[in-house]
Student: 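The structure that follows is given in the form of structure tokens.
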Protein chains: 2
Amino acid sequence: MEGTGGRRARLRAETTAEIRQVALKLMASGGPDAITLRAIAREMGMTANAIYGYFATRDDLVTTLINEVYTTLADAVDAAWADAPAADPAGRIRAWARAFRGWALANPEGFRLIYGDPVPGYQVPEGGAAPDAAYRVCTGIAALAAAAWPHAGPLYADSDFQWSDFDAGLLDKLRPAFPDLPPAGVALALRIWGHLHGLVSLEIYGHLRTQTISPDKLFREELAQLIRSLGIDS
Amino acid sequence: MEGTGGRRARLRAETTAEIRQVALKLMASGGPDAITLRAIAREMGMTANAIYGYFATRDDLVTTLINEVYTTLADAVDAAWADAPAADPAGRIRAWARAFRGWALANPEGFRLIYGDPVPGYQVPEGGAAPDAAYRVCTGIAALAAAAWPHAGPLYADSDFQWSDFDAGLLDKLRPAFPDLPPAGVALALRIWGHLHGLVSLEIYGHLRTQTISPDKLFREELAQLIRSLGIDS
DNA sequence: CGAGAAAACTATACGCCGTGAAGTTTCTTC
DNA sequence: GAAGAAACTTCACGGCGTATAGTTTTCTCG
């Protein structure tokens, strides 16, 4: 037995990384469907079966890719959020939203991989928890909601959300980070999330294309309305 | 040459209908991926290649199915809209939205077929216009927006939407039907559409499942917020 | 150093898929 | 009843994921 820094382990890690990288390249050029073990192997000068030494199944590979892509998304939106001044909640929502849409437009295949039917037969692992990066995105939105809560809270005055309405795993991550956010605040986060995801999803899948020719303007206006409806004009 | 009512033509129509019906059954039980020519043929006691006499390619069949499924959706939401009293715009939005979500929950595979990556290699026909039923859905939402416009109009006071911001084909259908709806009203329609589609899409694809355990309540509250933000409490 | 174990990889095979080409059966029409 | 069209089958090709078995390379340890 050798340490984790041995030559063998290093080669293994490199091959694993190359598989992921080739898979992502194939996805970028041919869509999620282009992720086939045989194509990856062809590209790498290997046999398709050799990949089974690194990933138990194609779905395992896809799961790994989803995590990887999800992380780049989380990085992008987190960075945009952090760049905006903390004193301007509306500006942070705008920055976050634009980063989200910008990432999606720049990585449409990645967006489909994460948020759509990723790949022919792929099924989201049943029992497995959502990828960490997914929680990062949620946490990012929760931060937006928490900052907006002082303004938007009254809107939820007569709502009856309970902690038990939400996923326990999510709350475990959220409540320590945002101790002042009530259950309705989580609902507010989901509202922001649903709104932004909905628009971008429509755009990426081309359902907006047959309706408006300036999704850019629509998104900007939509964002303004969302922020206004939160009671934080800035 | 025989008339369109001949025996041969009838048999042909029946077979075509059976192919579509079997394909829909397969989709309902195994998801969009289960739509394979070979499976359909197996189910019908035919050879896969026989289907080529009815559909030039598998994508052609999928396109037909999309139209068919889209029509059932349009029927469902139109009916719900018509059932609600015209004097209550908010009620009509609620009815439409609930019908939309209800249909999606009852036909998740259909929803994915229409609004997601439909089927492995399928590509939306490039030049072809959107299916008629898609315009029916748009028109339905436009009706909601038109009814809400007297209340929600002021929100768009300082927006600068032009007719040229929207798809000409869409406007051809919309403007005659809703002569009083200004460009910003179309943006309002897209807003409603984006909001509802976003929520339902998140739910159908399971991205809500890791966050809330009561999407029902969330949707109801969300709907209330949407209607409130339009200025039509009822 | 050299033998044996372990890891990496290849070869072959099975059943699935869409689809093209060619041949066969069945029905329609004159 | 014969000609012809339409419906359908058979065979074939290349693609896919993946299971099994065999081969080559590499590392470890006496």
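Proteins get letters first, then strands, A, B, ... in listed order; numbering begins at 1 in each.
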Student: Before we go on, tell me: are the rings of B/Y205 and B/Y115 under 6.0 Å apart, centre to centre?
Tutor: no
Student: Write out a two-atom table: protein N or O, nucleotide N or O from nucleotides 10-13 of chain C, distance below 3.5 Å.
Tutor:
from	atom 1	to	atom 2	distance (Å)
C/dT10	OP2	A/T47	N	2.9
C/dT10	OP2	A/T47	OG1	2.8
C/dT10	O5'	A/T47	OG1	3.1
C/dA11	N6	A/N49	ND2	2.4

Student: Just N and O in the side chain of B/T57: are any of them under 4.0 Å from OP1 or OP2 of C/dT19?
Tutor: yes
Student: Report the distance from atom CG of B/D59 to atom C1' of C/dT19, rounded to the nearest whole Å.
Tutor: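 Spelled out: CG on B/D59 to C1' on C/dT19 is 12 Å.
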Student: I want to confirm an ordering. Mapping B/L11 and B/R42 to their closest nucleotides on DNA chain C, which one lands closer to the 5' end?
Tutor: B/R42
Student: Expressed in angstrom and rounded to an integer, what is the separation of B/I40 atom CD1 from C/dC17 atom C1'?
Tutor: 12 Å
Student: Classify the ring geometry of B/H197 against B/F100: parallel below 30°, tilted from 30° to 60°, perpendicular beyond 60°.
Tutor: tilted
Student: What is the distance from OH of A/Y54 to P of C/dA7, rounded to the nearest Å?
Tutor: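 Computing the A/Y54:OH to C/dA7:P distance gives 12 Å.
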Student: Can you check the B/L61 CG to C/dT19 P distance for me, whole Å?
Tutor: 10 Å
Student: In whole angstrom, give the distance that lies between atom CZ of A/R58 and atom P of D/dG15.
Tutor: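 Answer to the nearest Å: 17 Å.
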Student: Given atom OH of A/Y52 and atom C1' of C/dA7, what is their separation to the nearest angstrom?
Tutor: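 Taking atom C1' of C/dA7 as the reference, OH of A/Y52 is at 19 Å.
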Student: Counting the atoms with a prime plus P, OP1 and OP2 as sugar-phosphate, which does A/F55 contact under 4.0 Å by heavy atoms, base, sugar-phosphate, or nothing?
Tutor: nothing
Student: For the pair A/E203 and A/R101, evaluate salt bridge (charged side-chain N to carboxylate O under 4.0 Å, His left out) and give the outcome as yes or no after the intermediate values.
Tutor: CA-CA 9 Å; A/E203 185 171 0; A/R101 175 165 180 260; 2.8 Å; yes
Student: Look at A/D216 together with A/R220 and state whether they make a salt bridge at an N to O cut-off of under 4.0 Å.
Tutor: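 Salt bridge: yes.
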Student: Rounding to an integer number of Å, can you tell me how far A/L37 CG sits from D/dA19 C1'?
Tutor: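 In whole Å, D/dA19 C1' lies 13 Å from A/L37 CG.
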Student: Ignoring hydrogens and geometry beyond distance, is a side-chain donor-acceptor pair present between A/H195 and A/E222 at under 3.5 Å?
Tutor: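 The criterion, which ignores hydrogens and geometry beyond distance, is satisfied for A/E222 and A/H195.
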Student: Cation over ring, A/R175 on A/W163, under 6.0 Å and within 45°?
Tutor: yes
Student: Among residues at least two apart in sequence or on other chains, which ones pass salt bridge (Lys or Arg N to Asp or Glu O under 4.0 Å) with A/D167?
Tutor: none
Student: From CD of B/E18 over to P of D/dC8, roughly how many Å is that when rounded to an integer?
Tutor: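 In whole Å, D/dC8 P lies 10 Å from B/E18 CD.
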